[in-house]
Amino acid sequence: MERTSRGAKLAGGLAAEAMAAALALTTGGAQAQATYEITPRDPQVIYDRTCGYCHGHNVGPILLGRRLPAAVVSAIVRSGNGAMPAFRPTEITDVELAALATWIETASTDTTDHGQ
């Protein structure tokens, strides 16, 4: 009888540990994902690969050299505007967006840009 009691306690304890481990993995995974950090990309690299695809190529308005306020650039990048899509933090991180918006605000005119 003592064996059965000990076995039941062991099984119950293992089940509780397994549930706690699963819970820790579930919540810990979300926590780790939220705090996962990557090395931010250079603002010009982001602009060239993401923004410059449209801006300065007769699709979207020219941005460089217009002294657009960084706060406006950030808001439009996150929420989109007309035909421009919104970019999620998984596409351009908050740190990258802050640097990009400041870079756009202070950038000189690119003489190769064409459009509006």
Side-chain angles (χ1 to χ4, degrees):
M1 186 156 182
E2 190 174 311
R3 278 188 159 178
T4 307
S5 175
R6 214 187 272 166
K9 284 182 183 178
L10 182 59
L14 289 175
E17 284 181 31
M19 287 176 60
L23 181 61
L25 285 174
T26 303
T27 58
Q31 211 171 22
Q33 186 176 19
T35 59
Y36 180 76
E37 293 184 28
I38 61 168
T39 302
R41 295 169 291 170
D42 182 72
Q44 185 164 3
V45 169
I46 296 170
Y47 184 86
D48 291 344
R49 293 183 181 168
T50 308
C51 313
Y53 183 77
C54 293
H55 295 283
H57 292 98
N58 289 328
V59 178
I62 293 173
L63 301 178
L64 303 181
R66 294 184 54 197
R67 304 291 182 240
L68 299 169
V72 171
V73 172
S74 293
I76 292 173
V77 168
R78 280 291 181 248
S79 62
N81 187 20
M84 181 176 154
F87 289 87
R88 299 178 302 246
T90 55
E91 298 167 305
I92 300 173
T93 68
D94 291 339
V95 170
E96 290 174 333
L97 180 55
L100 175 66
T102 300
W103 183 83
I104 289 172
E105 180 179 38
T106 60
S108 300
T109 302
D110 183 343
T111 56
T112 64
D113 278 353
H114 45 87
Q116 307 169 2

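Small disclaimer: the values here were computed from a predicted structure and weren't measured. Residue numbers run from 1 in the order of the sequence given.
In this structure, the side-chain contact (heavy atoms from CB on, under 4.5 Å) partners of Asp42, at least two apart in sequence or on a different chain, are Gln44, Val45. For Arg78, the salt bridge (charged side-chain N to carboxylate O under 4.0 Å, His left out) criterion is met by Asp94, not counting sequence neighbours.
At distances below 3.5 Å, not a single donor-acceptor pair connects side-chain atoms of Glu96 with backbone N or O atoms of Pro40. Of the possible polar contacts, one joining the Thr106 side chain to the Thr102 backbone as a donor-acceptor pair under 3.5 Å is found.
Distance check: Cys54 SG to Leu63 CG gives 10.0 Å after rounding to the nearest 0.5 Å. Ser74 OG to Ile76 CD1: the interatomic distance, rounded to the nearest 0.5 Å, is 9.5 Å. The line from SG of Cys51 to CD1 of Ile46 is 7.5 Å long, rounded to the nearest 0.5 Å.
Grouped by direct or indirect side-chain proximity (heavy atoms under 4.5 Å, Ile/Leu/Val/Met/Phe/Trp/Tyr only), Ile62 sits alone.
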Exercise. Please step through side-chain contact (heavy atoms from CB on, under 4.5 Å) for the pair Thr93 and Arg41, ending with a clear verdict.
Key: CA-CA 9 Å; Thr93 68; Arg41 295 169 291 170; over 6 Å; no
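Screening residues 50-69 for ring pair (Phe, Tyr, Trp, His ring centres under 6.0 Å) gives His57-His114 as the qualifying pairs, with residues at least two apart or on separate chains. Here ring pair (Phe, Tyr, Trp, His ring centres under 6.0 Å) pairs that include residues 76-111, with residues two or more places apart or in two chains, are Tyr47-Trp103. Judged as a salt bridge (Lys or Arg N to Asp or Glu O under 4.0 Å), not a single pair has a partner in residues 60-77 (not counting sequence neighbours).
Looking at Leu64 and Thr109, their side chains never come closer than 4.5 Å, going by heavy atoms from C-beta outward.
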